[in-house]
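Starting from 1, each residue takes its place in the sequence as its number.
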Amino acid sequence: MIPWTPIPPDAPLKDLWGQSFFADAGDGRAMLLTVSISPVAARPAAGEPRPDERLRVTSHASFGWRRRRNELLPDYLPISGACIPHGMVPRRVVTVPALEWPAHGAPRIRTEGRMLTFRDLVQHGPPASVRLQGALAMADEVKTTYGRMLADVAYRIEQSALFDSAVPTTRSFDNALRVWDELDHSSAGEEDVVRLAGTLKLAFQTARAHAEALGLDHLPVASRADARRAASAARLAVWAKTDGERAAAQEQVVRILRSLALYYLPDPDHVPLQLTR
């Protein structure tokens with residue numbers, strides 16, 4: 001997440017682990033929190049928390065008991081649920097750079113070459129424009145989601161209109177994405193960044209909704225049955241339990257896509273790599 005990006009107070013802890021946050025109530029009460037995996041929890045090979053496990057929340061408040069707290073909380077609990085038991089209903093929650101926890105006292109934040117104290121943060125709020133950072137995060141989320149869709153062979157086959165620039169809604173999204181990528185975010189005005197990020201998100205949502213409503217109907221009628229088989233084979237290749245099953249499914253996907261020869265479907269030459277990823 002981009003530092004100083006707003007997040008919903010009802011965001012579950014399982015979506016926030018590995019991050020730190022500043023939460024405040026607008027009346028001088030505020031908290032800094034870090035969400036991490038419990039050191040006693042069993043971890044899978046990838047190091048990610050298992051479903052329904054408890055996460056460690058380390059916090060420091062500007063009110064009440066002003067000492068570091070370590071709690072193990074259910075991963076489904078919203079981040080506001082880590083604040084409310086201590087006497088604060090957060091009005092705002094934003095991400096912050098990694099916290100430095102001294103042996104005693106409040107945590108600090110190293111940002112832009114200087115040290116930001118908790119007291120400064122409580123008194124003056126986040127140092128960057130939350131509106132600007134929110135716009136950057138929104139655009140980043142669109143690009144990340146779209147990138148995942150590009151890499152999902154079955155999705156690209158079944159929702160092919162999203163990848164066909166001849167479709168007006170997709171063409172609008174492509175144009176918005178190009179304008180965003182050409183924007184110099186370091187020199188552009190905040191109003192321009194916010195406006196273009198909003199345009200990008202709206203264009204993406206519109207193009208995605210249109211493509212998912214069309215589904216396979218976007219394809220030529222004669223191609224739909226083969227495309228449906230290719231999508232099923234692509235899913236089989238991803239979830240296959242044996243190398244032989246996976247190889248056969250991949251071969252079927254490549255063969256069908258070569259026979260369809262539609263420019264907006266996945267490139268058959270890249271499909272084996274995409275499926276093994």
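Looking at heavy atoms from C-beta onward, Asp267 lies out of side-chain contact with Val271 at the 4.5 angstrom threshold. Counting only heavy atoms from C-beta outward, the side chains of Arg235 and Ser232 never approach each other to under 4.5 Å. Inter-residue side-chain proximity for Arg108 and Leu99 is flagged as unmet; no heavy-atom pair is nearer than 4.5 Å. Contact of the Pro220 side chain with the Leu262 side chain is registered, since non-hydrogen atoms from C-beta on lie closer than 4.5 Å. Asp152 is not listed as a side-chain neighbour of Met149, based on a closest heavy-atom distance of 4.5 Å or more. Between Asp24 and Val122 the shortest side-chain heavy-atom distance does not fall below 4.5 Å. Residues Val167 and His210 have side chains in contact (heavy-atom distance under 4.5 Å, counting atoms from C-beta outward). At least one side-chain heavy atom of Met31 sits under 4.5 Å from a side-chain heavy atom of Met88.
Around atom CG of Asp269, more than 12 heavy atoms belonging to other residues, nucleotides or ligands sit under 6.0 Å away. Within a 6.0 Å radius of CZ in Arg67, other residues, nucleotides and ligands contribute 12 heavy atoms or fewer. Residue-environment remark: CZ (Arg91) exceeds the threshold of 12 foreign heavy atoms within 6.0 Å. The environment of CH2 in Trp65 is crowded: more than 12 heavy-atom neighbours from other residues, nucleotides or ligands sit within 6.0 Å.
For the residue pair Glu53 and Tyr76, no side-chain donor N or O sits within less than 3.5 Å of a side-chain acceptor on the partner. Using modelled atom types and a 3.5 Å distance limit, the side chains of Ser223 and Asp226 yield no donor-acceptor pair. Between the side chains of Thr34 and Ser20, at least one donor N or O lies within less than 3.5 Å of an accepting N or O. In this model, a donor atom of one side chain and an acceptor atom of the other lie less than 3.5 Å apart for His86 and Glu71. Looking only at atom types and distance, the side chain of Thr117 has a donor-acceptor partner in the side chain of Asp120 under 3.5 Å away.
Among all heavy-atom pairs drawn from Leu16 and Pro12, the shortest one is CG-O, 3.4 Å. Among all heavy-atom pairs drawn from Pro74 and Arg54, the shortest one is CG-NH1, 3.9 Å. In terms of heavy-atom proximity, Val94 sits nearest to Pro6 at CG1-CA, 3.9 Å. Heavy atoms only, all atoms of each residue included: Ala82 and Val57 are closest at CB-CG1, 4.3 Å. Here the closest heavy-atom approach between residue Ala237 and residue Gln250 is recorded as CB-CG, 3.9 Å. When every heavy atom of Ala154 is checked against every heavy atom of Ala231, the shortest pair comes out as CB-O, 3.8 Å.
A donor-acceptor contact shorter than 3.5 Å is absent between the side chain of Thr95 and the backbone of Phe21. Side-chain atoms of Ser36 do not come within 3.5 Å of backbone N or O of Gly18 as any donor-acceptor pair. Between the side chain of Glu141 and the main chain of Ala137, no donor-acceptor pair closer than 3.5 Å is present. Judged purely by atom type and a 3.5 angstrom limit, Asn175 uses its side chain to pair as donor or acceptor with the backbone of Arg171. Judged by distance alone, with hydrogens and angles left aside, the side-chain atoms of Arg224 form a donor-acceptor pair with the main-chain N or O of Leu219 at under 3.5 Å. With hydrogens and angles disregarded, a donor-acceptor distance shorter than 3.5 Å links the side chain of Arg246 to the backbone of Ala240.
Atom CD of Glu251 sits about 11.0 Å away from atom CD1 of Ile256, to the nearest 0.5 Å. To the nearest 0.5 angstrom, Asp184 atom CG is 11.5 Å from Asp192 atom CG. Going from atom CG of Leu72 over to atom CD1 of Ile37 covers 12.5 Å, rounded to the nearest 0.5 Å. Between Leu177 atom CG and Thr199 atom OG1 the span is 12.5 Å, to the nearest 0.5 Å. Once rounded to the nearest 0.5 Å, the distance linking CG of Leu33 with CD of Gln19 reads 12.5 Å. Rounding to the nearest 0.5 angstrom, the gap separating the CG atom in Asp10 from the CD1 atom in Ile79 is 11.0 Å.
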Glu212 vs Arg208, salt bridge (charged side-chain N to carboxylate O under 4.0 Å, His left out): CA-CA, chis, key distance, verdict: CA-CA 6 Å; Glu212 292 180 351; Arg208 179 181 181 179; 3.0 Å; yes

Stepwise side-chain contact (heavy atoms from CB on, under 4.5 Å) check, Phe118 with Gln123: CA-CA 9 Å; Phe118 185 31; Gln123 290 180 343; over 6 Å; no

Derivation of the salt bridge (charged side-chain N to carboxylate O under 4.0 Å, His left out) call for Lys143 and Asp181: CA-CA 10 Å; Lys143 295 182 67 174; Asp181 286 340; 2.7 Å; yes

Step-by-step side-chain contact (heavy atoms from CB on, under 4.5 Å) determination, Arg110 to Glu100: CA-CA 8 Å; Arg110 188 176 297 279; Glu100 294 186 7; 3.2 Å; yes

Chi angles and distances behind the side-chain contact (heavy atoms from CB on, under 4.5 Å) call for Gln252, Val254: CA-CA 6 Å; Gln252 183 181 12; Val254 171; over 6 Å; no

side-chain contact (heavy atoms from CB on, under 4.5 Å) evaluation trace for Trp101 with Thr58: CA-CA 10 Å; Trp101 292 88; Thr58 304; 3.7 Å; yes

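Cluster annotation: Phe63 and Ile84 are assigned to distinct hydrophobic clusters (Ile/Leu/Val/Met/Phe/Trp/Tyr, side-chain heavy-atom contacts under 4.5 Å, transitive). Cluster membership check: Leu216 does not share its hydrophobic cluster with Val221, using side-chain heavy-atom separations under 4.5 Å among Ile, Leu, Val, Met, Phe, Trp and Tyr. Under the 4.5 Å side-chain heavy-atom criterion for ILVMFWY residues, no single connected hydrophobic cluster contains both Met138 and Leu136. At a threshold of 4.5 Å between side-chain heavy atoms, the hydrophobic network of Ile, Leu, Val, Met, Phe, Trp and Tyr places Val179 and Tyr146 in one connected group. Placement of Leu214 and Ile157 in two distinct hydrophobic clusters is found when ILVMFWY residues are connected by side-chain heavy-atom separations under 4.5 Å, directly or transitively.
Residues Phe204 and Phe173 place their aromatic rings such that the two centres sit under 6.0 Å apart. Two rings, from His218 and Tyr264, have their centers less than 6.0 Å apart.
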